[in-house]
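Everything below concerns the one structure shown next.
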Amino acid sequence: MAWHGRLALDYRRDSDTTVSHDRHEGPLRVLQRLYPEGPAVCHHVLVHPPGGMVGGDRLDIELHLQAGSHALLTTPGAARFYRSAGEPAVQSLRARLDAGARLEWLPLETLAYSGCLAENHLRFELAPGAETIGWDLLALGLPAAGAPFERGRYLQHLELPGRWLERGAIAADDTLLLDSPLGLAGRRVLGTLWFAAGTPLAAAQREALLDSARAAVAAHPLAAWAGATAPDDTLVLLRAVAERVEPLTALFRQVRGRWREQAWGLPDLPPRIWRT
């Protein structure tokens, strides 16, 4: 029987503190609320107790950040899409940010097992003055464990309405995409890191974010497989492909920390759950 989990999180600013209210149905909930950097930033750890999704399962996450609130969301482990017998498994995030709100969407990687039929939909609606730093990390199969991505299909949808829409499907039998030098070149880990704003960024700020990302890339072993761009005046992207999750994650964490310091004047403080 398919699982349908729903989680709604509402954040608001109460004096100097970001407070939250959550409602959940099914196997999706908040593990812990933390304030490791003071009351202004609420850190949430989201958990899915079943540990993975199979055909027909669905997880829906709704976030609403009221004016001036700041939330950081992460997970304690990788998300997993297992083999499906027919129906796709779907994960959906809709985040609405009011004026001046800040969101850090930093889940650990997604593992797409061979044979999965999976969809991942991310939508960020930013009011003027709202900003978000986030990433999406995907590993196709488990090549290190001798379980390559030989069957299945993974659909990815990333959207900033009216600004950016990226929608693509990766099929296990699409060898041109997976193995061509103009595609993933045999690499099975890919990721996108973004800084997005509800108001156009000043040219100097946009260039500074690009420069810091490019400097980190130039000094990293993935330098030949990563690049930073600004496809819109409200958006800066860093994309990379890799053979393993760890080096790509390390690069993204480094750039995320730099962007946080540059744009928000906040320290590069990794969520505590990453150290456990």
Side-chain angles (χ1 to χ4, degrees), residues 44-48 51-53 59 61 72-82 89-93 95 103-114 116 118-124 132-145 147-149 152-160 164 166-170 177-178 183-196 213 216-217 220-223 225-229 235-260 268 270-271 273-276:
H44 264 151
V45 179
L46 307 185
V47 294
H48 178 229
M53 299 175 66
L59 298 180
I61 302 171
L72 183 156
L73 289 90
T74 188
T75 57
R80 291 172 167 83
F81 286 103
Y82 295 121
V90 180
Q91 178 172 283
S92 174
L93 167 73
L103 169 65
E104 298 178 70
W105 176 251
L106 306 171
L108 298 187
E109 69 275 7
T110 296
L111 304 179
Y113 283 64
S114 186
C116 75
E119 298 182 11
N120 188 27
H121 300 260
L122 305 175
R123 178 184 172 96
F124 300 88
T132 178
I133 296 174
W135 63 38
D136 184 77
L137 311 172
L138 172 65
L140 298 168
L142 302 170
F149 188 62
R153 185 174 183 272
Y154 186 91
L155 185 145
Q156 177 71 52
H157 180 110
L158 301 171
E159 182 178 6
L160 296 171
W164 176 47
E166 181 171 311
R167 182 180 175 89
I170 299 175
L177 172 63
L178 293 173
L184 301 184
R187 285 154 174 80
R188 294 296 186 264
V189 178
L190 56 153
T192 302
L193 170 68
W194 59 82
F195 183 98
V217 167
H220 195 274
L222 290 179
W225 302 99
T229 59
L235 180 66
V236 178
L237 299 177
L238 172 62
R239 303 179 190 273
V241 295
E243 296 179 351
R244 295 289 183 269
V245 168
E246 292 79 9
L248 190 148
T249 300
L251 173 61
F252 278 19
R253 290 182 182 183
Q254 181 183 0
V255 175
R256 171 256 173 184
R258 292 187 179 194
W259 284 355
R260 201 175 197 258
D268 177 11
I273 193 73
W274 293 355
R275 301 193 295 271
T276 60

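Note that the structure is predicted; figures quoted are calculated from it, not measured. No hydrogens, no waters, no symmetry mates; every other heavy atom, side chains included, goes into these values.
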(request) Take Ile170 and Leu178 through the side-chain contact (heavy atoms from CB on, under 4.5 Å) test and state the conclusion after the steps. (result) CA-CA 8 Å; Ile170 299 175; Leu178 293 173; 3.7 Å; yes
Please give me the minimum heavy-atom distance between [X] and [Y], naming the atom from each residue.
{"X": "Ala139", "Y": "Val245", "answer": "CB-CG2, 3.8 Å"}
{"X": "Tyr154", "Y": "Ala112", "answer": "CD1-CB, 4.1 Å"}
{"X": "Ala240", "Y": "Leu248", "answer": "O-CD1, 3.5 Å"}
{"X": "Leu160", "Y": "Ala196", "answer": "CD1-CB, 3.6 Å"}
{"X": "Ser114", "Y": "Pro148", "answer": "CB-O, 3.2 Å"}
{"X": "Pro271", "Y": "Leu72", "answer": "CG-CD2, 3.6 Å"}

(message) Check the orientation of His121 and His157. Use parallel for under 30°, tilted for 30 to 60°, and perpendicular for over 60°.
(response)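 Plane angle between 30° and 60°, so tilted.
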(message) Using the rule ring-ring contact (aromatic ring centres under 6.0 Å, His included), only one of Trp259, Phe124, Trp135 pairs with Trp194; which is it?
(response)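 Among the candidates, only Phe124 passes.
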Mind checking the [atom1]-[atom2] spacing from [X] to [Y]? Nearest 0.5 Å is all I need.
{"X": "Arg256", "Y": "Phe195", "atom1": "CZ", "atom2": "CZ", "result": "12.5 Å"}
{"X": "Asn120", "Y": "Gln156", "atom1": "CG", "atom2": "CD", "result": "4.5 Å"}
{"X": "Arg80", "Y": "Met53", "atom1": "CZ", "atom2": "CE", "result": "13.5 Å"}
{"X": "Ile133", "Y": "Arg258", "atom1": "CD1", "atom2": "CZ", "result": "13.5 Å"}
{"X": "Trp105", "Y": "Leu193", "atom1": "CH2", "atom2": "CG", "result": "14.5 Å"}
{"X": "Leu190", "Y": "Leu138", "atom1": "CG", "atom2": "CG", "result": "4.5 Å"}

(message) For Trp274, does the six-membered ring have the charged nitrogen or CZ of Arg253 within the cation-pi criterion, i.e. under 6.0 angstrom from the centroid and within 45° of the normal?
(response)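 Yes, Arg253 sits over the ring of Trp274.
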Quick one: list whatever passes ring pair (Phe, Tyr, Trp, His ring centres under 6.0 Å) with [X], sequence neighbours left out.
{"X": "His220", "value": "none"}
{"X": "Phe252", "value": "none"}
{"X": "Trp225", "value": "none"}
{"X": "Phe149", "value": "none"}

I want to check something: taking the side chain as every heavy atom from C-beta on, are [X] and [Y] in contact at a cut-off of under 4.5 Å?
{"X": "Leu73", "Y": "Leu106", "value": "no"}
{"X": "Pro76", "Y": "Val47", "value": "yes"}
{"X": "Thr249", "Y": "Leu137", "value": "yes"}

(message) Donor-acceptor pair, distance only, cut-off 3.5 Å: does the side chain of Thr132 make one with the backbone of Leu103?
(response)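 The answer is yes, because a donor-acceptor pair under 3.5 Å joins these two groups.
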(message) Any side-chain to backbone donor/acceptor pair from Thr75 onto Leu108? Under 3.5 Å, distance only.
(response)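 Flag set: sc Thr75 to bb Leu108 pair under 3.5 Å.
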(request) Could you tell me whether Glu119 and Arg153 have a side-chain N and a carboxylate O separated by less than 4.0 Å? (result)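 Arg153 and Glu119: not salt-bridged.
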(message) Under a 4.0 Å threshold between the charged nitrogen and the carboxylate oxygen, would Arg260 count as salt-bridged to Glu104?
(response)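 Result for this pair is yes, salt bridge flagged.
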(request) Start with the C-alpha distance between Glu166 and Arg239, add both sets of side-chain angles, then the distance that settles salt bridge (Lys or Arg N to Asp or Glu O under 4.0 Å), and finish with yes or no. (result) CA-CA 13 Å; Glu166 181 171 311; Arg239 303 179 190 273; 2.7 Å; yes
(request) Go through the structure and list residues passing salt bridge (Lys or Arg N to Asp or Glu O under 4.0 Å) with Arg187, not counting sequence neighbours. (result)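 Listed in chain order: Glu243.
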(request) With sequence neighbours left out, write down each residue that passes side chain to side chain donor-acceptor pair (under 3.5 Å) with Trp164, or none if nothing qualifies. (result)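 Testing Trp164 for side chain to side chain donor-acceptor pair (under 3.5 Å), a comparison that skips the adjacent residues, returns none.
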(request) Could you walk me through whether His48 and Leu59 pass side-chain contact (heavy atoms from CB on, under 4.5 Å), step by step? (result) CA-CA 9 Å; His48 178 229; Leu59 298 180; 3.8 Å; yes
(request) Kindly determine whether Val189 and Leu140 satisfy side-chain contact (heavy atoms from CB on, under 4.5 Å), including the steps that lead there. (result) CA-CA 6 Å; Val189 178; Leu140 298 168; over 6 Å; no
